[in-house]
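For reference, the structure is listed below as C-alpha cells.
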Amino acid sequence: EGLVSDCPSCSLPRLQETAPSAESQLVEAVKEHILNMLHLKERPNITHPVPRAALLNALKNLHVGKVRDDGNVEIEEEASSGQALREPEQTSEIISFAEAGPTQDVVHFQIAMEGGRDLTLVDQANIWLYLKLSNKTNRSRSKVTVRLYQAGQGQDGQALVSEKQVDIKRSGWHTIPVSRSAQATLGTQERSLELRVTCEQCPEAGVRPVLAEPTDKEESHRPFLMLLVREVQEHTHRIRKR
Amino acid sequence: GLECDGKINICCRKQFYVNFRDIGWSDWIIAPIGYYGNYCEGECPSHIAGTSGSSLSFHSAVINHYRIRGYSPFNNIKSCCVPTKLRAMSMLYYDDEHNIVKKDIQNMIAEECGCS
C-alpha cells in the first residue's frame, strides 16, 4: 500500500474520523508520501542552511522563485493539471553553493545522492560567478577572460573546463558553462566538482571574482552551480541507448 | 467530482492541508509553505461505478451498453474510490548536501475523485 503509485491517495490509509490520532496518522502518511515522491529515504538534516541572501539571489537570478510580502518564497507551479502521465525520467534543477576549496582560488561543489535512483544525467551545468569592481577600476579595459580549471585532471593536474570573456562595466553576475567532461564527474558516485577560478587581467582591470569567502561579508554573492539533471532508472537508460 | 462534506458516503474528495511549519518541515522545504494531501474516500455502489470523471466517459459508456442488455462482465467488479484528476506540484527544498533542489512532481495533488 505504501509503495509509490500513480494514485497518491492510495498510499493514504482509510481513517475513522473519530480517532483523535487519525489526524496524526494522516500527517505521517502525508510525510511518507512526500518523501516517496522526492525519492528521499528520510527528511534531510539541515545543520547549516545557505544564508538567505545567497538563496534569494540565486532564486532571483535563475527565475526559480520570488519572495512574497510575507517573506515566504513562492515558486512557479509546473502547469500540468489533469491526469499527467508518469515520466520514467524525473528532471530536477539543483543549485549547489560553493564551499571553500584547499586554496583561496579553488571552490568545491558537492551534490547529494538521491535514494534509489540508478542514474543521474546532467543535461546542463552553469557556474554563476559574481565579479566585483573595486573603486580603483581601470576604465581602459571593458572585458576580462575568466577561466575555470578542474583540479586533479589533465596533464599538469588541471584541465581547462571553461573560459569566458565577460563584460566588466559594472559589478554583476556572470554565467560560465561547465564542459561535458566536468559534468561527468557530477553524475558519478562522488558527485563532487572542484574548480580553480583564474582571471589574469582582473587585478589590472580593478575587478575580482567573489569566491567562497571565509568572512560573511560576501555571503550573498557566493558562487553557485546550477544543474539541470535527469534521474532515470538504469533499464530505461539502457533501452534509450539501444 | 464530489467534495466530502460529512453528509454523503459515496465516493468524494476529502481536503487535507498540511502546513510544513506545523509539522516541523519548514527548515528543509523552502517552498511551498504547505501541501494539499487530499485523499478519496466513500462507497462505490455498482450503480455509480465508473460514472465520474470525463476521463472515464468511454469506460462508463461500455458499462451502460452492457447493463442495458442485462449482461455485464462488470457485474461483480468491486470498484474503488480513486483520484480521477491529479495535479503536479513544484517543490523547492534542501537536500542532504544543503543544495537547493527544484522539482516538478507529477500526480502530486488529487483534484477529483471517482469510482474506478
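Lettering follows sequence order; numbering is per chain, from 1.
- At least one side-chain heavy atom of Met108(B) sits under 4.5 Å from a side-chain heavy atom of His33(A).
- In this structure, the separation between CG on Leu62(A) and CD1 on Ile100(B) is 9.0 Å, given to the nearest 0.5 Å.
- Here Lys31(A) contributes atom NZ and Trp25(B) contributes atom CH2; the two are 6.0 Å apart, rounded to the nearest 0.5 Å.
- Using modelled atom types and a 3.5 Å distance limit, the side chains of Thr47(A) and His98(B) yield a donor-acceptor pair.
- Here the CD1 atom belonging to Ile34(A) is positioned 8.0 Å from the CD1 atom belonging to Ile105(B), to the nearest 0.5 angstrom.
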Would Arg43(A) and Asp27(B) count as a salt bridge (charged side-chain N to carboxylate O under 4.0 Å, His left out) here? Give the steps. CA-CA 10 Å; Arg43(A) 56 144 289 170; Asp27(B) 62 325; 2.6 Å; yes
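- Proximity to chain A is limited to the side chain of Ile33(B), based on heavy atoms less than 4.5 angstrom apart.
- Rounding to the nearest 0.5 angstrom, the gap separating the CD atom in Glu93(A) from the NZ atom in Lys103(B) is 12.0 Å.
- For the atom pair CG (Leu40(A)) and CG (Asp96(B)), the distance works out to 7.0 Å, reported to the nearest 0.5 Å.
- For Val101(B) against Ser92(A), the heavy-atom pair with the smallest separation is CG1-CB, 4.1 Å.
- Between Glu97(B) and Ile111(A), the closest side-chain pair of non-hydrogen atoms is not below 4.5 Å.
- Tyr94(B) approaches Pro44(A) most closely through the heavy-atom pair O-CG, 3.2 Å.
- At a 4.5 Å heavy-atom cutoff, Leu227(A) makes no contact with chain B through either its backbone or its side chain.
- For chain B, the nearby part of Arg68(A) is the side chain; its heavy atoms alone come within less than 4.5 Å.
- Contact of the Ile75(A) side chain with the Ile30(B) side chain is not registered, since no non-hydrogen atoms from C-beta on lie closer than 4.5 Å.
- Using a 4.5 Å cut-off between heavy atoms, Asn45(A) touches chain B through its backbone atoms (N, CA, C, O) alone.
- Atom-to-atom distance recorded for Asn72(A):CG and Ser26(B):OG is 9.0 Å, nearest 0.5 angstrom.
- With hydrogens and angles ignored, the 3.5 Å screen pairs a side-chain donor or acceptor of Asn99(B) with a backbone N or O of Gln110(A).
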